[in-house]
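Beneath this line is the structure, given in C-alpha cells, with notes to follow.
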Amino acid sequence: MKTILIVEDDRSLNKGIALTLSQNDLVIEQAYSLAMTEQFLSSIKIDLIILDINLPDGSGLDYCETIRKTSKVPIIFLTANDMESDIVMGFELGGDDYITKPFSLMILRARVLAVLRRTDLHSENKAAIGPLTFDFAKMEYYKHNRQLVLSKTEQKLLKILVVNSGNILTREQLIDKIWSQEAEFVDENALTVAIKRLRAKIEDEPSTPKYIKTIYGLGYMWAEGQN
C-alpha cells in the first residue's frame, strides 16, 4: 500500500482529492499547513506528496527545496499560479509534476498514479541499504563498495525480497517467483540453500541475519537491517 499526503489548506478541495484517490486502494493522509506536514513526515513513511504552493504558514516551493535536501519523495505541486516561470521553478526545485487550478480530479488521479508507477520502476531497479547497494538492472551488487558475485537464483531471490521489503513471503511464493514454470519440480531444500548462500554474501553475521529474516512457520522477510 502507498501512502499519499495531501497538503492543501482548502479543506473542501483537500477532501475531494482524498475521496478521488482513496478509490485506488491508497492510504490518504491530509494536512492543511506546513506545520502539519512536518508532523506527518516525521512520524510515518509517505510515498508521495500533493503540495499546494500557497499555504497559510509558508510557500510550498520553499518547503519542497527543504525536503529535497534529505528526501526524494515524489512531489506534485498544486497552484493557481499558471505562469511559465512558476512552473519552471517548481520543476527546478525538485517537483515531479505541476498541476494548475482549476483542474479535473480524474486527471489529477491519473497523474498521481503515473508518478507512483515511475517511482516504483526506479525503486525496483536500485536500492541502497546501509553498506549494501544493488543495481538490479545492471546486475551489480556491492557490500562496503566491494562487488558481490551472485548466481542467477540469488539475484532473483534478492530482488524479490528487497522489492517486498517489510512483507512476509511464504516459501511457496518464493519458489513460485524464482523458478516460475519449474516451481512444481523444485525441492524446497533448493530455497533453503539459496537463502543460506545469499545470507553468507550479504550478512555480517549470517547466523543472526539483519536483512533476510526467517519468520518461523511462515517464510522470509527483508527487514532492511531493523531489529
Side-chain angles (χ1 to χ4, degrees), residues 1-34 36-55 58-129 134-138 159-160 162-167 224:
M1 293 287 283
K2 300 290 186 181
T3 300
I4 295 179
L5 176 60
I6 304 169
V7 187
E8 167 61 65
D9 61 320
D10 182 329
R11 291 176 179 262
S12 177
L13 178 57
N14 197 317
K15 182 179 180 180
I17 295 172
L19 289 173
T20 300
L21 294 177
S22 63
Q23 300 171 17
N24 295 275
D25 296 325
L26 299 168
V27 176
I28 308 298
E29 300 291 353
Q30 296 170 263
Y32 309 103
S33 65
L34 295 179
M36 290 182 67
T37 304
E38 278 289 313
Q39 293 175 6
F40 277 113
L41 293 180
S42 63
S43 60
I44 62 175
K45 181 180 182 295
I46 300 296
D47 297 291
L48 184 145
I49 302 173
I50 298 174
L51 181 60
D52 187 23
I53 286 181
N54 299 308
L55 291 160
S59 164
L61 289 172
D62 293 340
Y63 191 64
C64 174
E65 190 173 17
T66 299
I67 290 175
R68 282 292 172 261
K69 294 177 181 177
T70 58
S71 173
K72 294 182 179 179
V73 60
I75 295 173
I76 297 178
F77 284 117
L78 294 183
T79 180
N81 303 331
D82 59 358
M83 291 181 60
E84 184 178 287
S85 58
D86 292 326
I87 296 174
V88 171
M89 181 180 293
F91 283 115
E92 288 181 343
L93 291 176
D96 295 87
D97 206 344
Y98 194 106
I99 299 177
T100 58
K101 302 174 184 177
F103 55 84
S104 159
L105 288 172
M106 298 306 290
I107 290 177
L108 171 64
R109 184 179 71 174
R111 292 169 82 161
V112 164
L113 296 178
V115 170
L116 288 175
R117 283 195 300 270
R118 293 199 300 270
T119 305
D120 282 343
L121 181 62
H122 176 76
S123 64
E124 288 185 6
N125 284 331
K126 291 185 178 181
I129 305 157
F134 308 137
D135 189 324
F136 296 108
K138 295 182 179 179
K159 183 172 182 179
I160 292 165
V162 172
V163 168
N164 292 281
S165 175
N167 297 320
E224 296 194 23

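All residue numbers in this chain count up from 1 along the given sequence.
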Query raised in the report: Partners of Lys45 by side-chain hydrogen bond (donor to acceptor under 3.5 Å, both in side chains), sequence neighbours excluded?
Result: Asp47

Report task. Only pairs at least two apart or in different chains count here, so list each side-chain hydrogen bond (donor to acceptor under 3.5 Å, both in side chains) that has a residue in residues 7-17. Result -> Glu8-Lys101, Asn14-Gln30

Query raised in the report: If only atom types and distance count, is the side chain of Thr37 paired as donor or acceptor with the main-chain N or O of Ser33 below 3.5 Å?
Result: yes

Report task. First locate atom CD1 of Ile75, then atom OH of Tyr63, and finally report the distance between them rounded to the nearest 0.5 Å. Result -> 8.5 Å

Report task. Could you check Val162 against Phe136 for side-chain contact (heavy atoms from CB on, under 4.5 Å), going step by step and ending with a plain yes or no? Result -> CA-CA 10 Å; Val162 172; Phe136 296 108; 4.2 Å; yes

Query raised in the report: CD1/Ile87 to CZ/Phe77 distance, rounded to the nearest 0.5 angstrom?
Result: 11.5 Å

Query raised in the report: Are Val112 and Arg109 side-chain neighbours, meaning at least one heavy-atom pair lies under 4.5 Å?
Result: no

Report summary line: Interatomic distance, OG@Ser165 vs CD1@Ile129, rounded to 0.5 Å, equals 6.5 Å

Query raised in the report: Which heavy-atom pair separates Ala18 from Ile28 by the least distance, and what is that distance?
Result: CB-CG2, 3.7 Å

Query raised in the report: Do Ile17 and Leu105 have side-chain heavy atoms sitting under 4.5 Å apart?
Result: yes

Requested in this report: Please identify each residue that fulfils side-chain contact (heavy atoms from CB on, under 4.5 Å) with Asp86, with sequence neighbours left out.
Outcome: Asn81, Met83, Tyr98

Report summary line: Separation between CG (Leu21) and CG (Leu108), nearest 0.5 Å, reads 6.0 Å

Requested in this report: Report yes if some heavy atom in the side chain of Leu51 is under 4.5 Å from a heavy atom in the side chain of Ile76; otherwise report no.
Outcome: no

Report summary line: Rounded to the nearest 0.5 Å, the CE atom of Met36 sits from the CD atom of Glu29 at a distance of 9.5 Å

Query raised in the report: Is the backbone of Lys138 close enough, under 3.5 Å, to the side chain of Asp135 for a donor and an acceptor to pair up by distance?
Result: yes

Query raised in the report: Is it true that a side-chain atom of Ser71 and a backbone atom of Ile67 form a donor plus acceptor pair closer than 3.5 Å?
Result: no

Query raised in the report: In Å, rounded to the nearest 0.5 Å, how long is the span from CG of Leu34 to CG of Asp52?
Result: 9.5 Å

Query raised in the report: Run the side-chain contact (heavy atoms from CB on, under 4.5 Å) check on Ile50 and Leu5 step by step: do they pass?
Result: CA-CA 6 Å; Ile50 298 174; Leu5 176 60; over 6 Å; no

Query raised in the report: Which pair of heavy atoms, one from Cys64 and one from Gly95, lies closest together, and at what distance?
Result: SG-N, 4.0 Å

Query raised in the report: Is any side-chain heavy atom of Leu78 closer than 4.5 Å to a side-chain heavy atom of Phe103?
Result: yes

Query - Contact summary for Ile46 and Ile49, nearest pair of heavy atoms - result: CG2-CG1, 3.9 Å

Requested in this report: Take Asp62 and Lys69 through the test salt bridge (Lys or Arg N to Asp or Glu O under 4.0 Å) and record every step on the way to the result.
Outcome: CA-CA 11 Å; Asp62 293 340; Lys69 294 177 181 177; over 6 Å; no

Requested in this report: Could you check if a side-chain atom of Ile99 sits within less than 4.5 angstrom of a side-chain atom of Arg111, using non-hydrogen atoms only?
Outcome: yes

Query raised in the report: Do Ile4 and Leu116 have side chains that get closer than 4.5 Å, going by heavy atoms?
Result: yes

